[in-house]
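Indexing begins at 1, ligand by ligand and atom by atom, following the structure's order. Note: hydrogens, waters and symmetry copies are ignored here, and every other heavy atom, side chains too, is used.
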Amino acid sequence: MSRTSRGLVPALHVLTDTREGRDPLPDVRAAVSSGPCAVQVRAKDLSDRDHLALTLAVIAVARPAGCLVIVDDRVDVAVAADADGVHLGASDLPVDLVRTITPPEFVIGATARDALTAKAAEDLGASYLGVGPAYATTTKAGLPEPLGPEGVALVVAATSLPVIAVGGVTAAHVPALRAAGVHGVAVVTAVSEATHPTAAAAALAAALGCPPTPPTPPAAPGAPRSESRTTSTRA
Ligand SMILES: Cc1ncc(COP(=O)(O)OP(=O)(O)O)c(N)n1
Ligand SMILES: Cc1ncsc1CCOP(=O)(O)O
Ligand SMILES: [Mg+2]
C-alpha cells in the first residue's frame, strides 16, 4: 500500500471478470485472501441496479479484509455504494471534476498510455495511473500495441504518481514491471482464469512483496465486534 497525498494505493488490483454472466465474487474472495489489495468493480453490461448491487457485495467481502473497492467508470455507483474510489478512462468524467464531487481522499485512478496523458492526469488530481496494455490481452478489445516494460517505464518517468501496470499481467511479469518502476499491477484473467484463483492472487501478492493478511486475533468473550472499515482504507 502506498500513501500519496491523494489517498492509499494498494499494489495489487484485481478487476472483476463479469464476462458471460460470470459470478465474480469467488475471485473477489480469492483476491482479498492475498492481503491488502484493491478490488476494482469492472462491469460493462450491468443495469445500474445490478452494478450497485455488485459493488455493495464486493464491499461486503473486501472491506473487512482491509481491501479497497474501486469502481471502473461509474462515479455515481462508486459514491452511492460508498466505495473507496473510481477508475476513470479517456471517455469518462474528467478527473478534476470528479475530485470536486467525491469525498476527501477518494481514490481516483486514471488511464494513461503515454507521458503527456500521465502528466495531465497528475495535474488534474489523479491518485494513481493505470498504464497499459503492458502485455497482450484478450480481455479488452481495441487496445493499441502492448507497451512492454520499456513503454511502461517511459510513463513512470513522466509522473510522481504510483503507476499500476495493466494488460496481460501475470506474477511472472512482476519483476520486469517493478524494474520499470511500477508501484503495482492490475489483473483480470491472471486470477479469474487461474485453476486456483486463491493461489494465483497469493503469487501476485508475493511477487509484489505485499504483506500477507495478518491473522485475526480471537475476539474476547463479550467484546464488541470491530468496525468493518479498517482505518487503513481511507485514513
Ligand atoms: C488499474 C486500471 N488501469 C487501467 C484500466 C483501464 O480503464 P479504462 O481506460 O477506463 O478502460 P475500461 O477498463 O473501462 O475498459 C483499468 N480499468 N484499471
Ligand atoms: C482493463 C484493461 N485495460 C487495459 S488492458 C485491460 C484488461 C486487463 O485484463 P487481463 O489482466 O485479463 O489482461
Ligand atoms: Mg473504465
Problem set entry | Residue, atom name and distance, where the atom is the protein heavy atom closest to atom 5 (C) of ligand 1 | His87 NE2, 3.3 Å
Seminar exercise, completed: Note: with side-chain heavy atoms under 4.5 Å as the link, the other cluster members for Val188 come out as Leu15
Problem set entry | Closest approach of any protein heavy atom to atom 6 (C) of ligand 2, naming residue and atom | Val166 CG2, 3.9 Å
Exercise. Which value, rounded to the nearest 0.5 Å, describes the distance between Asp84 atom CG and Thr102 atom OG1?
Worked result: 12.0 Å
Exercise. Quick one: does His13's side chain get under 4.5 Å of Ile70's, heavy atoms only?
Worked result: yes
For this session: Check whether any side-chain heavy atom of Thr111 sits under 4.5 Å from a side-chain heavy atom of Leu129, and report yes or no.
Result: no
Problem set entry | Among Leu12, Asp27, Thr170, the one residue meeting side-chain contact (heavy atoms from CB on, under 4.5 Å) with Val191 | Asp27
For this session: Run the numbers for me: atoms of ligand 1, each under 4.0 Å from some heavy atom of Ala186, listed by number.
Result: 1 (C)
Exercise. Below 4.0 angstrom, N of the basic side chain to O of the carboxylate: do Asp73 and Lys44 qualify?
Worked result: yes
Exercise. Does Ile70 come within less than 4.0 angstrom of ligand 1, counting non-hydrogen atoms of the residue?
Worked result: no
Problem set entry | Spacing of Leu56 atom CG and Arg63 atom CZ [to the nearest 0.5 Å] | 9.5 Å
Exercise. Hey, mind stepping through Tyr128 and His183 against ring pair (Phe, Tyr, Trp, His ring centres under 6.0 Å) and telling me if it holds?
Worked result: CA-CA 9 Å; Tyr128 73 88; His183 170 66; 9.0 Å; no
Exercise. In terms of side-chain geometry, is the basic nitrogen of Arg42 or Asp17 positioned less than 4.0 Å from the acidic oxygen of its partner?
Worked result: no
Exercise. Any N or O on Lys140 sitting closer than 3.5 Å to an N or O of ligand 1?
Worked result: yes
Exercise. Can an N or O of Val188 be found at a distance shorter than 3.5 Å from an N or O of ligand 2?
Worked result: yes
Exercise. Below 4.5 Å, heavy atoms only, C-beta onward: do Thr189 and Ser192 meet side chain to side chain?
Worked result: yes
For this session: Check the Mg ion (ligand 3) and write out every protein N, O or S atom at under 2.8 Å, as residue and atom.
Result: Asp72 OD1, Asp73 OD1
Exercise. Looking at OG1 of Thr16 and CZ of Arg19, how far apart are the two atoms once the value is rounded to the nearest 0.5 Å?
Worked result: 11.0 Å
For this session: Quickly, which of Leu54, Asp45, Asp50 forms a side-chain contact (heavy atoms from CB on, under 4.5 Å) with Thr18? Name it, please.
Result: Leu54
Exercise. Does ligand 2 have any atom that is closer than 4.0 Å to a heavy atom of Ala190?
Worked result: no
Problem set entry | Thr137 N/O under 3.5 Å from ligand 2 N/O | yes
Exercise. With side chains defined as the heavy atoms from C-beta onward, is the minimum distance between Leu204 and Val185 less than 4.5 Å?
Worked result: yes
Exercise. So which bit of Leu143 gets within less than 4.0 Å of ligand 2, heavy atoms only: side chain, backbone, both or neither?
Worked result: side chain
For this session: Check ligand 1 against Gly89 and write out every atom of the ligand that is under 4.0 Å from a heavy-atom position of the residue.
Result: 8 (P), 9 (O), 10 (O)
For this session: Among all protein heavy atoms, pick the one closest to atom 10 (P) of ligand 2 and tell me residue, atom and distance.
Result: Thr139 OG1, 3.4 Å
Exercise. Hey, does His13 sit under 4.0 Å from ligand 1 if you only count heavy atoms?
Worked result: no
Exercise. Counting each atom of ligand 2 from 1 as listed, which ones have a heavy atom of Val187 under 4.0 Å away?
Worked result: 11 (O)
Problem set entry | Side chain to side chain, Ile164 and Val182, heavy atoms closer than 4.5 Å | no
Problem set entry | atom 18 (N) of ligand 1 [closest protein heavy-atom partner, distance rounded to 0.1 Å] | Gln40 NE2, 3.0 Å
Problem set entry | Any Pro10 side-chain heavy atom under 4.5 Å of Pro36 side chain | no
Problem set entry | Proximal atoms of ligand 1 relative to Asp92 (non-hydrogen, under 4.0 Å) | 10 (O)
Problem set entry | Basic-acidic side-chain contact under 4.0 Å: Arg113, Glu145 | no
Problem set entry | Nearest neighbour in protein (non-hydrogen) for atom 3 (N) of ligand 2 | Lys140 CD, 3.7 Å
For this session: Can you sort out which atoms of ligand 1 are near Val166, meaning under 4.0 Å from one of its heavy atoms?
Result: 3 (N), 4 (C)
Exercise. For ligand 1, which atoms have a heavy atom of Asp73 less than 4.0 angstrom away?
Worked result: 10 (O), 14 (O)
For this session: State if Arg42 counts as touching ligand 2 under the rule of any non-hydrogen atom under 4.0 Å.
Result: yes
Exercise. Which is closest to atom 8 (P) of ligand 1 in terms of heavy atoms, Val9, Thr111, Val163?
Worked result: Thr111
For this session: List the steps, then state whether salt bridge (charged side-chain N to carboxylate O under 4.0 Å, His left out) holds for Asp92 with Arg74.
Result: CA-CA 8 Å; Asp92 300 320; Arg74 297 290 301 269; over 6 Å; no
For this session: May I ask which of Arg113, Lys44, Arg42 has a heavy atom nearer to atom 14 (O) of ligand 1 than the others do?
Result: Lys44
Seminar exercise, completed: Quick note on ligand 2: atoms under 4.0 Å from a heavy atom of Gly168 include exactly 10 (P), 11 (O), 13 (O)
